Structure formats: C-alpha cells, structure tokens
Amino acid sequence: MSIGRRKSLSFAGWKMDDHSTARLIRHEYSLRELDMSRSRWGCQITDHGLQEISLAKCIPNLKSISLWGMLGITDNGVVQLTIVLWCCRPVTESGLFILVSKCRKLESINVWAMRVPVDCFIGLLSKSPSLQIKSRSVLDSMLV
C-alpha cells in the first residue's frame, strides 16, 4: 500500500527523530492510527516534533496517537494532538485540560503512570462526558 493511503503507521522501534518522523507523516492523508512509542532504540519525539507533525493533513482525522514513554513531551507538545500519554510524566493536569478543550473529537486518552491528581479526571469528564480515560486508579471503574 502506498504511504499516503495507510490507515495505521507505527514508528515504535524505529530510530526516528522529530524531523524525519514529521517528514514521513506529512505525506499521509488517510492515517487514522499513529504509534510513536518509545523503545530502546526507537523514536525520540519531542514537543518540537509534535508541533511539526500537527501540520500534517491527516491530523484532524486521527483517532489514535500513542506516545508511550516519551520523556521529551510536555504540556506544550500535548496540546498539539490526540494522544496516548502513558508514562509521559512531564505532562501535567494543565496540559490535559487544554488537550481535552481543544480536541473536541477526542474519544479516549491513556494516562496510566502519569502524575496527575484523581480529581483531574473528574474535571476532564465534566469538559467531555463521553471521553474514555484509561488510567490505573481508584476511579478506573468510572473512567474506562
């Protein structure tokens, strides 16, 4: 399948940086799922890379983006995309609120192993009642 017609793309395990990843994603227009998860040798995306990626034509159509374990991502990068934030500890409650406010089509986020207070989840649900929040907390039965 040609690169522009892919529905799903994973860079997990690839040795990619901000520029090379953004350059490839810019050519995508049918993409629905994007995985840029960290691995031992793999993708090392930062806020700058997310900003470049956010300009791609496929971004409004994405249903899933995974940035599992990416330590170079902060609130500034998070607000660019719909995202899996598992283990992205530098992202704060403030970044999550901006993300949910700006990404009105956001269906779910994974915030497992993040350092945000439980009441943040309640606030996110008040902004977007249909949002599925995947986390490991006392509220799991409410959120998933």
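Since the model is a prediction, treat every value here as computed from it, not as a measurement.
A pairwise comparison of heavy atoms in Q44 and D18 identifies O-OD1, 3.8 Å as the closest pair. Closest of all the heavy-atom pairs between G123 and S126 is O-OG, 2.6 Å. Pairing each heavy atom of C120 with each of L96, the nearest pair is SG-CD1, 4.0 Å.
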Candidate pair F11 and I45, rule side-chain contact (heavy atoms from CB on, under 4.5 Å), full reasoning: CA-CA 10 Å; F11 293 108; I45 301 299; over 6 Å; no

Test side-chain contact (heavy atoms from CB on, under 4.5 Å) applied to E28 and L34, step by step: CA-CA 11 Å; E28 296 291 342; L34 178 59; over 6 Å; no

Criterion side-chain contact (heavy atoms from CB on, under 4.5 Å) on L55 and R26, from CA distance to verdict: CA-CA 7 Å; L55 303 174; R26 248 182 261 137; 5.9 Å; no

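With sequence neighbours left out, T74 forms a side chain to side chain donor-acceptor pair (under 3.5 Å) with D47. In this view, D17 and S20 satisfy the side chain to side chain donor-acceptor pair (under 3.5 Å) rule, not counting sequence neighbours. Remark: R115 engages no residue in a salt bridge (Lys or Arg N to Asp or Glu O under 4.0 Å) (not counting sequence neighbours). For L71, the side-chain contact (heavy atoms from CB on, under 4.5 Å) partners are R38, not counting sequence neighbours. Legend: residues meeting side-chain contact (heavy atoms from CB on, under 4.5 Å) with K57, ordered by chain and number and at least two apart, are absent. In this structure, H19 has no side chain to side chain donor-acceptor pair (under 3.5 Å) partners at least two apart in sequence or on a different chain. For S10, the side-chain contact (heavy atoms from CB on, under 4.5 Å) partners are A12, D35, not counting sequence neighbours. Here S128 pairs with V100, S130, L131 under the side-chain contact (heavy atoms from CB on, under 4.5 Å) rule; sequence neighbours left out. With sequence neighbours excluded, the residues that form a side chain to side chain donor-acceptor pair (under 3.5 Å) with T92 are D75.
Ionic pairing of E52 and R23 is not present here: no N-O contact between side-chain nitrogen and carboxylate oxygen is shorter than 4.0 angstrom.
Residue pairs satisfying the salt bridge (Lys or Arg N to Asp or Glu O under 4.0 Å) criterion with at least one member in residues 87-101, sequence neighbours excluded, are absent.
Taking CG of L125 as the reference point, atom CD of Q132 lies at 10.5 Å (rounded to 0.5 Å). L67 contributes atom CG, which lies 10.5 Å from atom OG1 of T46 (distance to the nearest 0.5 angstrom). Note that OG of S30 and CG of L9 are 12.0 Å apart. Values are rounded to the nearest 0.5 Å. Rounding to the nearest 0.5 angstrom, the gap separating the CE atom in M70 from the CG atom in L50 is 8.0 Å. For the atom pair CD1 (I65) and CG (N110), the distance works out to 13.5 Å, reported to the nearest 0.5 Å. In this structure, CH2 on W14 lies 9.0 Å from OG1 on T21, to the nearest 0.5 angstrom.
Here the side chains of I25 and M36 are in contact, with some heavy-atom distance below 4.5 Å. For the pair V91/L99, no side-chain contact is recorded, criterion being any heavy-atom separation below 4.5 Å from C-beta on.
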